[in-house]
Amino acid sequence: MLRFMIGLLTALLLTGPATAQDDAVKSVISTQMEALRQGDFPGAYEMASPGIRGYFGPVDNFERMLRLGYPEVLAPRLFRFMGMEPRGNGQAQVLMIEDQKGRVHMLEYLLIETEDGWKIDSVRRLPASQPAV
């Protein structure tokens with residue numbers, strides 16, 4: 001937990017002045033990452049957009065997708081927010097994740113604003129050589 005808090009504080013300091021929208025977007029991702037650290041897949045699934053929830057159906061499908069496709073988000077050594085930019089009707093936030101083996105992964109989260117606040121609408125892996133947003 002201490003490592004999580006240090007990583008979050010570092011990320012906030014490195015990204016410069018944030019808007020309320022930036023903070024809300026980061027909060028959704030942080031909430032999901034903490035739920036995943038704790039193995040709380042239903043809690044993590046709450047951060048997904050209605051479209052994602054409709055696509056995956058039961059939380060078990062969401063959990064399976066994460067375990068098979070994005071294992072680095074389940075128990076990262078640390079994560080750090082990188083660049084953010086508007087994208088379509090949402091916000092794209094790049095996240096750098098260091099897994100338990102010390103490998104670095106760059107993921108781009110696309111969030112949309114819903115009636116229930118900001119939600120994660122997609123995640124895609126970025127090539128290591130691609131600069132952050």
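Every heavy atom of this structure was used, including side-chain atoms; hydrogens, water molecules and symmetry mates were not. This structure is a prediction, so every number in the text was calculated from the model and none was measured.
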Enquirer: What is the distance from atom CD of Gln21 to atom CE of Met84, rounded to the nearest 0.5 Å?
Expert: 7.5 Å

Enquirer: Closest heavy-atom contact between Gln93 and Gly83?
Expert: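 For Gln93 versus Gly83, the nearest heavy atoms are NE2-O, 3.3 Å.
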
Enquirer: Calculate, to the nearest 0.5 Å, the distance between atoms CE and CG belonging to Met33 and Leu74 respectively.
Expert: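 That separation rounds to 8.5 Å.
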
Enquirer: Taking the cut-offs as 6.0 angstrom to the six-membered ring centre and 45 degrees off its axis, would you call Arg53 and Phe62 a cation-pi pair?
Expert: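 Geometry flag: not set, cation outside 6.0 Å or 45°.
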
Enquirer: In sequence, state the C-alpha distance, the side-chain angles, and the governing distance for Ile120 and Ile52, and then conclude on side chain to side chain contact (heavy atoms under 4.5 Å, CB included).
Expert: CA-CA 8 Å; Ile120 299 168; Ile52 293 299; over 6 Å; no

Enquirer: To the nearest 0.5 angstrom, please state how far the CG atom of Leu66 sits from the CZ atom of Phe56.
Expert: 7.5 Å

Enquirer: Given the rule that I, L, V, M, F, W and Y join up when any side-chain heavy atoms are under 4.5 Å apart, are Leu110 and Leu107 in one cluster?
Expert: no

Enquirer: I'd like to know if Val73 and Val59 are part of one continuous hydrophobic network [Ile/Leu/Val/Met/Phe/Trp/Tyr, side-chain heavy atoms within less than 4.5 Å].
Expert: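 In one cluster with Val59: Val73, yes.
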
Enquirer: Find the distance between CG (Leu36) and CG (Asp40) and round it off to the nearest 0.5 Å.
Expert: 8.5 Å

Enquirer: From Arg125 CZ over to Met106 CE, what is the distance, rounded to the nearest 0.5 angstrom?
Expert: 12.5 Å

Enquirer: Closest approach of Tyr109 and Gln32, non-hydrogen atoms and distance?
Expert: CE2-OE1, 3.9 Å

Enquirer: So how far is it from Asp116 CG to Met47 CE, rounded to the nearest 0.5 Å?
Expert: 9.5 Å

Enquirer: Checking Asp22 against Phe81 for the side chain to side chain contact (heavy atoms under 4.5 Å, CB included) test, could you report, in this order, the C-alpha distance in whole Å, the side-chain angles of both residues, the deciding distance, and whether it holds?
Expert: CA-CA 11 Å; Asp22 293 348; Phe81 292 103; over 6 Å; no

Enquirer: How far apart are the closest heavy atoms of Trp118 and Ala24, and which atoms are they?
Expert: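 The pair with the smallest heavy-atom distance is CD1-CB, 3.7 Å.
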
Enquirer: Testing the basics here: between Glu72 and His105, what is the closest heavy-atom pair and its distance to 0.1 Å?
Expert: CB-CD2, 3.6 Å

Enquirer: Step by step, work out the side chain to side chain contact (heavy atoms under 4.5 Å, CB included) result for Met96 and Leu78.
Expert: CA-CA 8 Å; Met96 181 196 74; Leu78 65 88; 3.9 Å; yes

Enquirer: Can you tell me if Tyr70 uses its side chain to pair, donor with acceptor, with the backbone of Val123 under 3.5 Å?
Expert: yes

